[in-house]
Amino acid sequence: MTLFVQNPRGLESLVAGRATRDGAGVKLMRVLTGEWQQRLDPFLMLDQFGSNDPKDYGAGFPDHPHRGFETVTYMIAGRMRHQDSTGAQGLLQNGGVQWMTAGRGVIHSEMPEQEEGVMEGFQLWLNLPSHQKMCTPCYKDIQSDSIPEVSTPEGVQVRIISGHSHGVTGAMDRPVSAYPTDPLYLDLHFSGDQTFSQPLASTHNAFVYVYRGTLQVLSASGEAQDVPLHRMGVLRNEGDGVTLRASSGARALLIAGSPLGEPIAQYGPFVMNTRDELMQAVEDFQTGRFGH
Ligand code: FE2
């Protein structure tokens with residue numbers, strides 16, 4: 001269905017993730033790393049985890065702080081419990097999303113609640129504009145059956161975590177006036193040889209991440225560029241949208257947002273605008289102003 005996209009974006013670059021461990025030793029692939037933060041503003045990080053070996057995930061992410069941005073955890077398979085310094089807690093499981101606005105600071109843990117089986121999912125870090133970095137922290141736990149889905153006329157199943165697609169509003173629907181990053185977060189499931197189109201403002205930075213099969217980006221010139229399994233395809237800022245083609249079984253995330261254009265200062269789990277603000281974050285954490 002290319003009805004709404006006449007001039008689709010081409011593929012700018014392919015990025016292979018970097019294998020690493022985080023938390024208490026959870027094995028993961030850091031797909032969007034620090035060197036992509038400017039290019040993919042407002043997105044700061046994308047981690048992909050997937051293993052059926054409890055040694056890779058069992059240790060989880062014990063108590064740690066965040067300040068100045070949002071974490072979006074999308075669980076494809078598995079169960080993870082989160083608890084934070086305000087006493088809030090929730091269980092994230094198969095197909096569900098936790099959208100956390102860290103704001104001025106939380107200390108939380110993210111711990112697997114399973115001793116065997118597959119644990120698979122993603123964590124995306126989304127920046128907050130300077131005037132919201134010190135907002136009151138909040139969470140939204142979205143169970144799988146609360147994530148809106150749409151089937152396109154070609155039969156592509158679209159899970160809409162945030163933003164809008166094919167006339168359907170996502171689970172996170174916030175006014176752009178309040179959240180200028182205007183995030184689009186789609187999970188696409190292809191069940192045949194199908195194409196999928198999504199209108200996108202050319203100013204929004206956008207990428208796809210393929211986690212089953214492969215897909216192709218169909219550019220305006222008619223060129224088909226492959227995005228292989230476990231690669232991030234960064235899309236050019238041009239045209240009026242994106243058109244993807246894949247065959248049965250392929251699955252991919254399509255993520256886009258409006259850049260903030262502000263300085264990014266990061267020290268581990270703190271992302272602010274200046275070095276002074278980072279030093280303040282460290283001091284506030286060390287002196288217990290994040291809770292506990
Ligand atoms: Fe965290």
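One-based numbering, in listed order, for ligands and for the atoms of each. These numbers were taken from a predicted model, which means no experiment stands behind them.
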Evaluate the ring planes of Tyr139 and His82, with Trp represented by its six-membered ring, and classify them as parallel (under 30°), tilted (30 to 60°) or perpendicular (over 60°).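 The rings of Tyr139 and His82 lie parallel, inter-plane angle below 30°.
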Keeping waters out of it, list the protein N, O or S atoms under 2.8 Å from the Fe ion (ligand 1).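 Within the sphere that stays under 2.8 Å of the Fe ion (ligand 1), the protein atoms of type N, O or S are His64 NE2, His66 NE2, His108 NE2, Glu110 OE1.
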Show the numbers, then the answer: is there a side chain to side chain donor-acceptor pair (under 3.5 Å) between Gln216 and Arg245? CA-CA 5 Å; Gln216 294 180 312; Arg245 182 169 68 201; 2.8 Å; yes
Can you list every pair that meets salt bridge (Lys or Arg N to Asp or Glu O under 4.0 Å) and has a residue in residues 203-227, with sequence neighbours left out?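 Found Glu120-Arg212.
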Applying a strict under-4.5 Å side-chain criterion to I, L, V, M, F, W and Y, I'd like to know whether Val5 and Ile255 cluster together.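 Different clusters: Val5 never reaches Ile255 through Ile, Leu, Val, Met, Phe, Trp or Tyr contacts under 4.5 Å.
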With sequence neighbours left out, what residues match Arg30 under salt bridge (Lys or Arg N to Asp or Glu O under 4.0 Å)?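 Here the qualifying residues are Asp22, Asp47.
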Do any pairs count as a side-chain hydrogen bond (donor to acceptor under 3.5 Å, both in side chains) and have a residue in residues 261-270, sequence neighbours left out, and if so which ones?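 Checked against side-chain hydrogen bond (donor to acceptor under 3.5 Å, both in side chains) - neighbours excluded - the pairs reaching residues 261-270 are Gln37-Gln266, Ser130-Glu262, Glu262-Asn273.
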